[in-house]
A.B. asks: 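Quick one: this structure, given as structure tokens, is what I'll be asking you about.
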Amino acid sequence: MTFTLFSIGIISCASVLFIKIIVGKIKFVANSIDILVLFLCTFYSIKGLLSIDYKSSCFFTLHGIIIPAIVYFCTKTLLTNKQTTTKFCYFYTFGTVILSIYMAMNIMLYGRLNSVGGITSISGATYLFLGLCIAIYIIYNQNKLAKIVSIFLNAIGFISTLSRMYTLALFVMIFMKNIFRKTNIAAGYIILMLMTLIVTLVLTSKMIHLSVQVSREQITEMEHGADRLTNMDSIKYALAGRIEEYNRGMELFYKSPITGAGIQRGLANITQHNVHVAWLAYGGIVGYAIYFSIFLIFFLRITNKDKSDGIIFVGTATTFAVILNSLTNGIMHGAMPIVAFLAMGMTTAQKNQQKDMEGYNA
């Protein structure tokens with residue numbers, strides 16, 4: 001489906017906001033991230049229109065880049081004070097609680113986690129990660145019972161997704177939050193991306209060969225259960241499948257290394273499950289540089305002092321968690337780009353609020 005209720009709603013919201021900005025009812029001050037995001041949308045839109053399979057490419061560009069960008073701009077523009085930010089947090093967690101319960105019921109009824117209302121387990125984990133973080137660090141601070149209930153209801157769905165990367169990120173946030181707050185997040189981002197880019201290039205150099213001793217059907221069953229976290233054959237099969245997919249993506253990059261091939265669907269009707277391969281295959285060196293710079297500038301703007309603020313801490317940590325997850329699940333499909341840009345938007349809005357309180361413009 002090209003347009004969903006969500007995409008129609010967010011585009012309508014953006015249209016109203018744009019008109020209000022034009023007539024002067026809402027203040028909007030662009031920053032370097034905004035300019036790069038607009039450049040990113042323009043770049044991939046042109047690539048999509050010039051693609052051989054332009055319908056497919058434009059579809060993925062719309063949902064993987066343009067809609068998330070609109071979410072970023074709407075969030076940044078709408079969250080102008082503490083009241084609207086608080087309402088946003090409550091409404092978001094209310095939505096994730098419903099999603100969490102629905103996912104938990106799916107497990108109880110079918111014994112495995114299937115796609116829920118078009119939301120896959122990893123997309124569910126992405127939405128729920130932010131909801132869980134908001135419940136833990138932002139809302140219901142004066143009502144411990146309500147906080148515990150909110151955390152529990154978000155956690156049951158999050159646990160059911162069996163997400164490896166988000167579980168690791170949540171562990172760091174909860175048990176190592178002081179270290180995270182004192183860490184230079186921009187430096188961490190550069191090191192993470194550099195190291196994983198090297199690993200990705202090694203994996204796609206065809207130097208590594210993995211053999212699995214069980215059938216594809218058995219592995220598929222494992223992927224929907226706890227074995228996906230503990231069974232080495234399941235992990236090896238997942239990695240072998242990823243490497244095969246990465247090789248196809250890198251072939252696209254080698255054919256068009258400067259500007260890439262535009263976003264294309266893979267064999268499973270999805271985009272690449274590795275952030276490096278996706279950025280290189282679809283956007284080439286130019287696309288990679290734009291995407292990398294957006295997140296780098298965002299993290300450079302976050303100081304250790306900023307991370308003492310609950311909203312900024314959660315927004316920054318969520319953005320970093322989505323990037324961490326994107327190393328094996330990608331960042332240009334599903335909920336991943338939406339939540340990443342939403343988290344950047346809420347963080348930017350909170351920093352703008354702080355500057356306004358100090359008497360400065362954003």
Side-chain angles (χ1 to χ4, degrees), residues 1-49 55 57-81 83-96 118-119 123 126-127 130-131 134 263 271 283 287 290-291 293-295 297-298 301 311 315 318-319 322 331-353 356 361-362:
M1 184 183 294
T2 303
F3 291 99
T4 63
L5 288 175
F6 170 75
S7 60
I8 293 172
I10 198 68
I11 291 173
S12 300
C13 177
S15 301
V16 174
L17 286 176
F18 181 74
I19 293 172
K20 288 187 175 182
I21 291 171
I22 293 297
V23 299
K25 288 189 176 182
I26 293 179
K27 182 181 73 172
F28 181 86
V29 179
N31 58 34
S32 54
I33 295 178
D34 300 344
I35 295 170
L36 280 174
V37 169
L38 288 174
F39 188 34
L40 183 75
C41 292
T42 304
F43 174 78
Y44 273 101
S45 295
I46 294 173
K47 291 296 297 182
L49 291 172
K55 290 184 179 179
S57 186
C58 289
F59 173 86
F60 282 110
T61 299
L62 173 66
H63 292 280
I65 295 178
I66 296 176
I67 295 297
I70 293 174
V71 169
Y72 163 76
F73 284 115
C74 286
T75 307
K76 172 191 171 181
T77 305
L78 287 172
L79 302 186
T80 56
N81 54 58
Q83 290 72 28
T84 55
T85 302
T86 301
K87 288 179 181 179
F88 161 79
C89 290
Y90 279 115
F91 274 111
Y92 186 90
T93 49
F94 177 73
T96 54
I119 299 176
S123 285
T126 306
Y127 286 123
L130 177 55
I134 289 174
I263 305 181
T271 57
I290 299 171
Y291 243 127
S293 299
I294 288 172
F295 289 113
I297 294 172
F298 170 74
R301 295 183 59 178
I311 297 289
T318 298
T319 305
V322 174
I331 198 171
M332 301 176 80
H333 64 274
M336 283 72 81
I338 293 174
V339 173
F341 278 82
L342 174 66
M344 285 199 296
M346 62 185 280
T347 304
T348 303
Q350 186 69 5
K351 282 183 66 68
N352 288 343
Q353 289 180 40
D356 288 341
N361 291 323

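Predicted model, so just to flag it, every value in this text is computed and none were measured.
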A.B. asks: Might you point out which heavy atoms bring Met346 and Leu130 nearest each other, and give the distance in Å?
C.D. replies: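 Closest approach of Met346 to Leu130, heavy atoms only: SD-CD1, 4.3 Å.
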
A.B. asks: So Lys47 and Ile263, side-chain contact (heavy atoms from CB on, under 4.5 Å) or not? Walk me through it.
C.D. replies: CA-CA 8 Å; Lys47 291 296 297 182; Ile263 305 181; over 6 Å; no

A.B. asks: Could you tell me if the side chain of Tyr90 sits less than 4.5 Å from the side chain of Lys87, heavy atoms only?
C.D. replies: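 Lys87 vs Tyr90: side chains apart.
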
A.B. asks: Taking the side chain as every heavy atom from C-beta outward, state whether Leu36 and Phe298 have any pair of such atoms under 4.5 Å apart.
C.D. replies: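 Not in contact.
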
A.B. asks: Work out which heavy atom in Gly334 is nearest to a heavy atom in Ser123; give both atom names and the distance.
C.D. replies: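 For Gly334 and Ser123, the tightest heavy-atom pair comes out as CA-OG, 3.5 Å.
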
A.B. asks: Check Gly64 against Pro337 and note the closest heavy-atom contact, atom names and distance.
C.D. replies: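 Heavy atoms of Gly64 and Pro337 come nearest at O-CB, 3.4 Å.
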
A.B. asks: Are Lys20 and Phe28 in a cation-pi contact, defined as NZ or CZ under 6.0 Å from the six-membered ring centre and within 45° of the axis?
C.D. replies: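 No, Lys20 does not sit over the ring of Phe28.
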
A.B. asks: State, yes or no, whether a side-chain contact exists between Leu62 and Ser7 at a heavy-atom distance under 4.5 Å.
C.D. replies: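 Side chain of Leu62 against side chain of Ser7, heavy atoms only: no contact under 4.5 Å found.
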
A.B. asks: Verify the neighbour count for atom CZ of Phe88: are there more than 12 heavy atoms of other residues, nucleotides or ligands below 6.0 Å?
C.D. replies: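 Correct, the count exceeds 12.
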
A.B. asks: For Ala335 and Thr126, work out which heavy atoms get closest and say how close.
C.D. replies: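 Closest heavy-atom pair between Ala335 and Thr126: O-CG2, 3.9 Å.
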
A.B. asks: Provide the closest heavy-atom pair for Thr96 versus Tyr127 in the form atom of the first, atom of the second, distance.
C.D. replies: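 Heavy-atom minimum between the residues: CG2-O, 3.6 Å.
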
A.B. asks: As an exercise, state the distance from CD1 of Ile33 to CD1 of Ile294, rounded to the nearest 0.5 Å.
C.D. replies: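 Between atom CD1 of Ile33 and atom CD1 of Ile294 there are 8.0 Å.
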
A.B. asks: Once you round to the nearest 0.5 Å, how far does OH of Tyr291 lie from CZ of Phe43?
C.D. replies: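 Tyr291 atom OH to Phe43 atom CZ measures 11.5 Å (nearest 0.5 Å).
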
A.B. asks: Would you give the length of the straight line joining atom OH of Tyr92 to atom CD1 of Ile134, rounded to the nearest 0.5 angstrom?
C.D. replies: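 Answer for the OH-CD1 pair, Tyr92 versus Ile134, is 6.5 Å.
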
A.B. asks: Pair Lys76, Asn31 - check side-chain contact (heavy atoms from CB on, under 4.5 Å), show working.
C.D. replies: CA-CA 11 Å; Lys76 172 191 171 181; Asn31 58 34; 3.6 Å; yes

A.B. asks: Using the rule given for side-chain contact (heavy atoms from CB on, under 4.5 Å), can you reason through Thr84 versus Leu78, listing the C-alpha separation, both sets of side-chain angles and the distance that settles it, and then say yes or no?
C.D. replies: CA-CA 8 Å; Thr84 55; Leu78 287 172; over 6 Å; no

A.B. asks: To the nearest 0.5 Å, tell me how far Leu40 CG sits from Ile66 CD1.
C.D. replies: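 Atom-to-atom, Leu40:CG and Ile66:CD1 are 9.5 Å apart.
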
A.B. asks: Rounded to the nearest 0.5 Å, what separates atom CG in Leu38 from atom OH in Tyr72?
C.D. replies: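 Between atom CG of Leu38 and atom OH of Tyr72 there are 9.5 Å.
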
A.B. asks: Taking the side chain as C-beta and beyond, is there a heavy-atom pair between Phe295 and Val322 under 4.5 Å?
C.D. replies: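 Contact flag for Phe295/Val322 side chains = no.
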
A.B. asks: Minimum heavy-atom separation for Thr75 and Ala349, please, with both atom names.
C.D. replies: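 Residues Thr75 and Ala349, closest heavy atoms: O-CB, 4.0 Å.
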
A.B. asks: Quick one: are Leu79 and Gln353 in side-chain contact, heavy atoms under 4.5 Å?
C.D. replies: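 Side chain of Leu79 against side chain of Gln353, heavy atoms only: contact under 4.5 Å found.
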
A.B. asks: Roughly how far, to the nearest 0.5 Å, is the NZ atom of Lys351 from the CD1 atom of Ile311?
C.D. replies: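 So the gap between those two atoms works out to 13.5 Å.
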
